[in-house]
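Being a predicted model, the structure only gives us computed values, none of them experimental. Residue numbers begin at 1 in each chain, while the letters A, B, ... track the order of the sequences.
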Amino acid sequence: MSLEEQRALLARIAPELLEAKRVEKKRLPPLPGAEPGKVITRLPPEPSGYMHIGHAMSGLLNYLYARMYGGVIWLRFEDTDPRKVKPEYYESFRKGYKWLGIEWDHEKNNSDDMELFYRYAEQLIKSGKAYVCTCPAEKIRRLRALGEECEHRSHGADENLHLWNEMLAGGFGEGEAIMRLVGDMKHANTTMRDPALFRIIEHEHPLTGDRYRVWPLYDFAVSIEDYLCGVTHVLRTSEFALRDELQNYIRSLLGISRHPIYIEYSRFEFQGTPVSKRRLRAVLEAGLARSWDDPRFPTIEGIRRRGILPEAIREFTITQTGFSYAKREYDWSLLFAINRRILDPVARRLFFAPNPVKLLIDGAPEISVEAPYHPSNMDLGSRNLRAGGELYISGIDAERMRPGDVYRLKYLMNFKVLEVSGNIIRAEFMGREPIRDVQIIQWVPAGECVEVEVLVPGVLYVNDEINQESLRIVRGLGERAVETVRLDEIVQFERFGFCRRDSASELRFIFAHD
RNA sequence: GCUCCGGUAGUAUAGUCCGGUCAAGUAUACGGGCCUCUCGAGCCCGUGACCCGGGUUCAAAUCCCGGCCGGAGCACCA
């Protein structure tokens with residue numbers, strides 16, 4: 001039996017076997033301790049910068065698991081550092097998650113619950129589990145490293161309560177007092193060595209204005225918020241791994257015994273494209289990029305402009321991601337391959353001649369052809385192409401041409417090269433019908449073409465140093481129909497690559513991948 | 001420096017908990033073929049890996065010890 005026959009037979013007697021293999025690959029591994037209908041996860045962005053691919057993949061994981069188990073997902077902004085938080089960043093995340101197809105069930109901000117945080121803080125102080133410390137930051141750091149306690153730790157609850165109220169009332173300036181947890185100054189896990197729970201920040205908050213000056217630190221706010229949201233599973237990157245213990249401890253001191261299951265995985269990035277704000281800013285400051293939505297950047301806007309589809313990121317997350325702790329650096333080709341597979345059946349094909357060279361064909365008739373926009377998807381329609389003996393072809397194709405060579409202009413005609421001189425190739429007409437074993441090239445009619453510019457993004461860093469040539473600009477001529485490409489539409493310039501139109505008014509494209 | 005964690009093909013991942021079915025699966029990359037009026041897509045075939053050294057065991061990618069390499073944390077950021 002041939003392979004075809006076997007497959008046909010299998011499709012008849014056990015179609016699920018053929019299907020199973022395909023579907024299985026696109027599924028996430030089971031979530032530990034997950035019960036159908038009871039999973040609650042969260043998207044916990046800090047609105048202090050633009051959303052990037054790392055947030056996207058983490059967000060996707062939390063979202064996909066919530067959906068996989070018929071659970072619930074929260075969007076909760078971790079906005080308790082008024083100095084870092086900005087309104088535009090909240091919006092960047094909302095927009096980014098939406099773009100990815102993530103639909104959250106509830107939304108809130110940690111800054112909504114300040115009064116509640118204060119109440120819990122008071123409870124902690126009264127039970128002798130927290131104290132106000134007025135040591136300078138430097139001293140706290142030193143003692144923490146040494147595993148030693150400071151004199152403030154032994155103050156009584158009454159005094160601490162008094163000092164705490166003093167903090168709230170403005171009796172202390174920034175940096176003059178913090179509230180600390182009574183932890184264990186000798187604990188191997190340094191986050192347990194009396195971490196700061198609240199500090200004073202005299203800075204307007206985009207949401208609460210100047211109403212509060214004492215702000216909770218991450219661990220305190222998160223412990224309480226995860227409890228409030230009923231979070232059952234936390235999927236996050238490994239820099240938080242040491243904090244599980246602390247957060248569980250804070251909750252238990254508050255009388256809360258229900259803790260989420262933590263699943264941590266290493267950070268990752270795409271080859272040569274760091275996600276770190278510092279390194280991205282360096283590129284901006286070097287004058288090599290102008291904005292955070294630059295298509296070379298791993299920000300969601302950058303990636304979108306580059307023509308990567310949300311579905312591709314989703315599939316990539318499911319198939320290429322694991323809960324590994326090893327450092328990983330993804331090769332862009334993995335994402336591109338998925339994106340290409342999604343784009344291929346729906347992207348219109350058009351002719352584009354980069355670095356064009358003129359081609360003159362003696363004896364060529366004036367020909368008009370109806371060329372389909374896609375080799376198999378007829379729904380995409382067709383356009384009319386008309387040309388005679390004067391055209392432009394890609395500079396790369398032209399470079400290879402030697403007198404005597406025969407080529408075919410796709411859909412149009414064949415020609416034999418007669419003479420190659422400078423920027424002009426002279427040839428002779430060799431008939432209209434396709435001939436076997438002849439290289440097919442794309443072309444643009446000399447009379448009816450438009451100027452096209454394509455931005456080709458490369459990697460930002462090479463060997464850990466800023467790549468001075470991360471952006472290439474390719475100019476060329478496109479067939480007239482290039483004008484019909486809508487803003488944001490992704491098309492394939494044949495034998496060049498998939499490109500997204502980036503400007504409504506100009507024929508400017510961004511190269512996605514080949 | 002201290003404390004954790006990890007090292008499977010070029011890249012990423014499955015397997016590691018509960019040793020044998022792993023002469024190691026998958027995706028991508030790469031090579032070849034088929035198909036095609038694209039050097040794209042699709043289909044088929046192939047190349048390619050358990051960090052190193054010891055130990056335990058009838059048997060180790062899986063367990064133990066040491067080394068090397070890598071990551072994370074050690075904030076009044078999240």
Side-chain angles (χ1 to χ4, degrees), chain A residues 3-4 21 24-25 29 44-49 77-81 83-85 110 133 135-138 140-141 144-145 147 174-180 187-193 195-201 214-219 221-222 236-243 264-268 270-271 315-316 319-338 340-345 347 349-351 369 371-372 374-377 396-397 408-412 414 433-436 438-442 492-498 513-514:
Chain A
L3 189 67
E4 286 311 307
K21 202 176 172 187
E24 193 187 7
K25 271 190 289 187
E46 183 195 22
S48 64
F77 287 102
E78 311 270 5
D79 58 351
T80 50
D81 185 345
R83 222 181 288 281
K84 290 169 71 179
V85 169
N110 284 359
C133 176
C135 294
E138 191 279 322
I140 293 176
R141 255 195 303 276
R144 180 136 48 212
E174 240 185 86
E176 289 175 6
I178 59 171
M179 190 193 104
R180 290 226 262 169
H187 202 112
N189 179 349
T190 48
T191 62
M192 297 296 286
R193 324 241 264 225
L197 262 24
F198 285 87
R199 82 299 210 186
I200 295 162
I201 296 179
V214 177
W215 288 89
L217 271 308
Y218 176 74
D219 292 293
V222 163
R236 47 157 58 148
T237 41
S238 57
E239 67 263 33
F240 298 101
L242 259 17
R243 330 209 66 105
E264 276 120 4
Y265 38 89
S266 75
R267 290 184 88 143
F268 59 83
F270 281 87
Q271 184 85 230
E315 189 179 328
F316 182 86
T319 57
Q320 300 298 328
T321 269
F323 297 137
S324 141
Y325 270 96
K327 183 211 163 118
R328 38 197 164 161
E329 227 175 39
Y330 292 110
D331 197 299
W332 278 103
S333 66
L334 259 21
L335 219 205
F336 291 162
I338 296 171
R340 186 184 298 121
R341 203 184 315 125
I342 299 171
L343 238 27
D344 188 76
R349 267 58 173 176
L350 291 162
F351 288 175
V369 289
H374 192 280
S376 54
N377 182 354
I396 304 167
D397 286 339
R408 174 166 179 77
L409 298 171
K410 191 171 178 179
Y411 302 131
L412 197 69
N414 315 307
E433 293 311 307
I435 6 180
R436 213 181 282 281
V438 156
Q439 162 87 63
I440 292 161
I441 61 170
Q442 282 65 29
Q492 186 199 51
F493 288 137
E494 287 195 21
R495 291 202 307 130
F496 181 78
F498 289 95
H513 46 73
D514 56 17

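- In this structure, A:Arg83 does not reach the B:A75 phosphate: none of its side-chain N or O atoms is under 4.0 Å from OP1 or OP2.
- Within 4.0 Å of A:Pro372, counting heavy atoms only, lies no atom of the nucleic acid at all.
- Classification of the A:His513-A:Phe498 ring pair by plane angle, with boundaries at 30° and 60°, yields tilted.
- At the heavy-atom level, A:Ala326 lies under 4.0 Å from the strands shown only through sugar-phosphate atoms.
- Taking only distance into account, the side chain of A:Gln320 never meets the base of B:U28 through a donor-acceptor pair shorter than 3.5 Å.
- Closest approach to the A:Ala196 side chain among B:C76, B:U38, B:C5 is made by B:C76 (side chain taken as heavy atoms from C-beta onward).
- For A:Asp344, taking side-chain heavy atoms from C-beta onward, the closest of the listed nucleotides B:A78, B:G40, B:C37 is B:G40.
- For B:C5, the OP1/OP2 oxygens have no side-chain nitrogen or oxygen of A:Ser266 closer than 4.0 Å.
- At the phosphate of B:G40, neither OP1 nor OP2 sits under 4.0 Å from any side-chain N or O atom of A:Arg341.
- Base contact: A:Asp397 has a heavy atom under 4.0 Å from a base atom.
- Phosphate proximity of B:U13 to A:Arg328: present, with a side-chain N or O under 4.0 Å from OP1 or OP2.
- The P atoms of B:U21 and B:U16 are separated by 13 Å, rounded to the nearest whole Å.
- Among the heavy atoms of the strands lying under 4.0 Å from A:Arg141 are primed sugar atoms or P, OP1, OP2 only; no base atom is included.
- A:Phe268 and A:Phe270 have perpendicular rings, their planes meeting at more than 60° on a 0 to 90° scale where under 30° would count as parallel.
- Among the heavy atoms of the strands lying under 4.0 Å from A:Leu217 are primed sugar atoms or P, OP1, OP2 only; no base atom is included.
- In this structure, of B:A12, B:C77, B:U28, it is B:A12 that holds the atom nearest to the side chain of A:Glu329.
- Proximity of A:Arg340 to the phosphate of B:A41: a side-chain N or O atom is located under 4.0 Å from OP1 or OP2.
- Partners of A:Arg236 by side-chain hydrogen bond (donor to acceptor under 3.5 Å, both in side chains), not counting sequence neighbours, listed by chain and number: A:Tyr218, A:Asp244, A:Gln247, A:Glu264.
- Shown here for A:Asp514 and A:Arg340, the closest heavy-atom pair between the two residues is O-NE, 2.7 Å.
- Of the listed nucleotides (B:U13, B:C37, B:C76), B:C76 has the atom at the smallest distance from the side chain of A:Arg144.
- One can place CG of A:Leu242 at 17 Å from P of B:G71, the figure rounded to the nearest angstrom.
- Taking only side-chain atoms of A:Leu334, from C-beta outward, the nucleotide of B:C76, B:U11, B:G71 with the closest atom is B:U11.
- Nearest nucleotide to the side chain of A:Ile178, out of B:A78, B:C76, B:A72: B:C76.
- Only the C1' atoms considered, B:C64 is 13 Å distant from B:G19, to the nearest whole Å.
- Closest approach to the A:Asp331 side chain among B:C5, B:C37, B:U11 is made by B:U11 (side chain taken as heavy atoms from C-beta onward).
- Nearest to the side-chain atoms of A:Thr191 among the listed nucleotides B:C77, B:G73, B:U28 stands B:G73.
- Scanning RNA chain B for stems, defined as runs of 3 or more consecutive Watson-Crick or G-U wobble pairs whose donor-acceptor distances all fall under 3.5 Å, gives the following ranges: B:1-7 with B:68-74, B:10-13 with B:25-28, B:30-34 with B:42-46, B:51-55 with B:63-67.
- With B:A78, B:U3, B:G40 as the candidates, the nucleotide lying closest to the side chain of A:Ala188 is B:U3.
- Contact between the side-chain N/O atoms of A:Arg199 and the OP1/OP2 oxygens of B:A78 is found at a separation under 4.0 Å.
- Residue A:Phe240 is classed as a base contact, given a heavy-atom separation below 4.0 Å to a base.
- In the set B:U38, B:C77, B:G70, B:G70 carries the atom at the smallest distance from any side-chain atom of A:Lys327.
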